[in-house]
Amino acid sequence: MNATERDGAKVSTGTTVDAAGETVGIPELVIISGMSGAGRSTAAKCLEDLGWFVVDNLPPALIPTMVDLGARSQGNVARIAVVVDVRGRRFFDNLRESLADLEAKKVKRRVIFLEASDDALVRRFESVRRPHPLQGSGRIVDGIAAERDLLRELRGDADLVIDTSSLNVHELRAKLDAQFAGEEEPELRATVMSFGYKYGLPVDADLVVDCRFLPNPHWVPELRPFTGLNEEVSGYVFNQPGAKEFLDRYTELLQLIAAGYRREGKRYVTIAVGCTGGKHRSVAMSEKLAHRLVSEGVETVVVHRDMGRE
């Protein structure tokens, strides 16, 4: 591996040798895909602002060619982001073959998948008065269903899934900045997200933790107005039988999972920690869990999805 300077940051890249025997750098590759209307263009612009060379709607069969061209740019194209979507559906079947080709060439690649709920996607298409690319003569929801079916396998293989249902443009950019900005790329990044079960499971969660086995501070009148960020609420939660033991054992489990993720090349994990309303127990547990992960050397972002909704 070698390091290439770009925009003041060192980017770690692979190396290979061309037909003339000269060493060339293999660019780092990110593939941006996901649901139409979920924010692919915003993600692409964000990476472009961070110094990535972005190609929109490139047929999947041409991705290896794009990487080869970048490798011959003498380090000028060290990071490539490619947007792949259903507009190139004639070529979409070639994506798996292209990914296998990239893996054989030892190209470091990641897949970002932008997700959103059906309701959010319908509102977005209606607000811009544009049809869904796959709806044909049907309704917007028909196009969304067809696209979900087409992208299901890719979503399952994605390294990072971001649910943009409740995010605005600035919040989405902040999420991507948190994952891609910085001088050095960490081995593993974690997002610890508290949530309330009554508002639904986070669709971008890799792991889900249920804290509803602990007594609810909501039923303690003097604690009810506060959140899990409050020291008294947190103290109440972790003074309950099993709370500290659960935190210790789940941290040990995450160490095992993190080691496996690193071996498999997975660089992002979202851990969703839930309680009934997402205000007390899940918030307190998320904060403690994130602190443990940071102490283990895992770069961690904490998000409290439903805090303040009541």
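Here the structure is a predicted model, which means the values were calculated and not measured.
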Inset, instruction - May I have the step-by-step check of side-chain contact (heavy atoms from CB on, under 4.5 Å) for Leu151 and Phe113, ending in yes or no? - result: CA-CA 9 Å; Leu151 297 178; Phe113 192 95; 3.9 Å; yes

Inset, instruction - Give the minimum heavy-atom separation between His280 and Leu223, together with the two atoms involved. - result: NE2-O, 3.5 Å

Legend entry - Interatomic spacing from OG1 in Thr191 to CD in Glu299 - rounded to 0.5 Å: 10.0 Å

Inset, instruction - Rounded to the nearest 0.5 Å, what's the gap from CD on Gln135 to CD on Glu147? Could you check? - result: 11.5 Å

Legend entry - Identified side chain to side chain contact (heavy atoms under 4.5 Å, CB included) partner of Val192 from the options Val301, Val273, Val298: Val273

Legend entry - Presence of salt bridge, Glu171 and Lys175, under 4.0 angstrom: no

Inset, instruction - Check whether more than 12 heavy atoms from other residues, nucleotides or ligands sit under 6.0 Å from atom CD of Gln240, and answer yes or no. - result: yes

Inset, instruction - Step through the shown structure and confirm whether more than 12 heavy atoms of other residues, nucleotides or ligands are within 6.0 Å of CZ on Arg249. - result: no

Inset, instruction - Work out which heavy atom in Cys275 is nearest to a heavy atom in Arg212; give both atom names and the distance. - result: CA-CG, 3.8 Å

Inset, instruction - Answer yes or no: are there more than 12 heavy-atom neighbours, outside Glu222 itself, under 6.0 Å from its atom CD? - result: yes

Inset, instruction - Spell out, as yes or no, whether a donor-acceptor pair under 3.5 Å connects the side chain of Asn230 to the backbone of Thr227. - result: no

Inset, instruction - Determine whether Val82 and Ile32 make a side-chain contact, defined as any pair of heavy atoms from C-beta on separated by less than 4.5 Å. - result: no

Legend entry - Test item: Pro202 and Arg305 side chains (from C-beta on) under 4.5 Å apart, heavy atoms: yes

Legend entry - Closest contact, heavy atoms only, Ile144 versus Met35: O-CE, 3.6 Å

Legend entry - Sub-4.5 Å side-chain heavy-atom contact between Asn57 and Val83: no

Legend entry - Worked verdict on Val141 versus Asp118 for side-chain contact (heavy atoms from CB on, under 4.5 Å): CA-CA 7 Å; Val141 291; Asp118 287 3; 5.7 Å; no

Inset, instruction - Test salt bridge (Lys or Arg N to Asp or Glu O under 4.0 Å) on Asp306 and Lys198 and set out the steps. - result: CA-CA 10 Å; Asp306 298 324; Lys198 69 180 183 180; over 6 Å; no

Inset, instruction - Could you pull out the closest heavy-atom pair between Val84 and Pro60, with the gap in Å? - result: CG1-CG, 3.9 Å

Legend entry - Check: Asp159 side chain, Val111 main-chain N or O, donor-acceptor pair, under 3.5 Å: yes

Inset, instruction - State, yes or no, whether a side-chain contact exists between Leu293 and Ile271 at a heavy-atom distance under 4.5 Å. - result: yes

When the side chains of residues 283-290 are checked against the rest of the protein, which donor-acceptor pairs come out under 3.5 Å, sequence neighbours left out?
unit_1: Ser286; atom_1: OG; unit_2: Ser282; atom_2: O; d: 2.7
unit_1: Glu287; atom_1: OE2; unit_2: His304; atom_2: NE2; d: 2.6

Inset, instruction - Treating Ile, Leu, Val, Met, Phe, Trp and Tyr as nodes and any side-chain heavy-atom pair under 4.5 angstrom as an edge, say whether Phe195 and Leu214 lie in one connected cluster. - result: no

Inset, instruction - May I ask you to say whether Arg40 pairs ionically with Asp56, meaning some side-chain N is under 4.0 Å from a carboxylate O? - result: no

Inset, instruction - Just do the side-chain contact (heavy atoms from CB on, under 4.5 Å) check on Arg72 and Asp68 with the steps written out, would you? - result: CA-CA 7 Å; Arg72 288 164 173 75; Asp68 289 340; 3.9 Å; yes

Inset, instruction - Please tell me if the side chains of Val67 and Pro64 come closer than 4.5 Å, counting only heavy atoms from C-beta onward. - result: no

Inset, instruction - Mind checking the CZ-CG spacing from Arg292 to Asp248? Nearest 0.5 Å is all I need. - result: 4.5 Å

Legend entry - Option passing side chain to side chain contact (heavy atoms under 4.5 Å, CB included) with Leu114 (candidates Val161, Leu167, Leu172): Leu172

Inset, instruction - Determine the minimum heavy-atom distance between Arg281 and Pro215, stating which atoms define it. - result: CD-O, 3.4 Å

Inset, instruction - Flag yes if more than 12 heavy atoms outside Arg309 fall under 6.0 Å of its CZ atom; otherwise flag no. - result: yes

Inset, instruction - Go through the structure and list residues passing ring-ring contact (aromatic ring centres under 6.0 Å, His included) with Phe246, not counting sequence neighbours. - result: Phe213, Tyr250

Inset, instruction - Using the rule that two of Ile, Leu, Val, Met, Phe, Trp, Tyr join whenever any of their side-chain heavy atoms come within less than 4.5 Å, decide whether Val237 and Leu229 are in one cluster. - result: no

Inset, instruction - Given side chain to side chain donor-acceptor pair (under 3.5 Å), test Asp119 with Ser117 step by step and report yes or no. - result: CA-CA 5 Å; Asp119 289 345; Ser117 68; 5.5 Å; no

Legend entry - From Thr276 atom OG1 to His218 atom NE2, the distance as rounded to the nearest 0.5 Å: 9.0 Å

Inset, instruction - Answer yes or no for Arg79 and Phe53: cation-pi contact, defined as NZ/CZ to six-membered ring centre under 6.0 Å and angle to ring axis within 45°. - result: no

Legend entry - Sub-4.5 Å side-chain heavy-atom contact between Arg173 and Val169: yes

Inset, instruction - Measure the spacing between OG1 of Thr42 and NE2 of His170 and express it to the nearest 0.5 Å. - result: 10.0 Å

Inset, instruction - Treating Ile, Leu, Val, Met, Phe, Trp and Tyr as nodes and any side-chain heavy-atom pair under 4.5 angstrom as an edge, say whether Val303 and Tyr199 lie in one connected cluster. - result: no

Inset, instruction - Just do the salt bridge (Lys or Arg N to Asp or Glu O under 4.0 Å) check on Arg148 and Glu115 with the steps written out, would you? - result: CA-CA 10 Å; Arg148 285 200 191 282; Glu115 173 68 277; 2.6 Å; yes

Inset, instruction - Establish whether Leu102 and Leu154 are linked, either directly or via other cluster members, by ILVMFWY side-chain heavy-atom contacts under 4.5 Å. - result: yes

Inset, instruction - Output, in order, the C-alpha distance, side-chain angles, deciding distance and verdict of side-chain contact (heavy atoms from CB on, under 4.5 Å) for Asp206 and Tyr268. - result: CA-CA 9 Å; Asp206 297 297; Tyr268 309 100; 5.9 Å; no

Inset, instruction - Rounded to the nearest 0.5 Å, what's the gap from CD on Gln179 to SG on Cys46? Could you check? - result: 10.5 Å

Inset, instruction - Measure up the Phe180 and Trp52 rings against each other and bin them: parallel (under 30°), tilted (30 to 60°), perpendicular (over 60°). - result: perpendicular

Legend entry - Check: Leu50 and Asp177 side chains under 4.5 Å, non-hydrogen atoms: yes

Legend entry - Heavy-atom neighbours of Glu232 CD exceed 12 at 6.0 Å: no

Inset, instruction - Provide the closest heavy-atom pair for Val77 versus Ser73 in the form atom of the first, atom of the second, distance. - result: N-OG, 2.9 Å

Legend entry - Donor-acceptor pair, side chain of Asn239 and main chain of Gly235, under 3.5 angstrom: yes

Inset, instruction - Let me see the working for Arg124 and Thr164 under side chain to side chain donor-acceptor pair (under 3.5 Å), right down to the final yes or no. - result: CA-CA 11 Å; Arg124 291 170 189 176; Thr164 68; 3.1 Å; yes

Legend entry - Arg109 side chain reached by Leu99 side chain, heavy atoms, under 4.5 Å: yes

Legend entry - Single-linkage hydrophobic cluster, 4.5 Å side-chain cutoff, Ile257 and Leu247 together: yes

Legend entry - Partners passing ring-ring contact (aromatic ring centres under 6.0 Å, His included) against Phe238 (at least two apart in sequence or in another chain): none

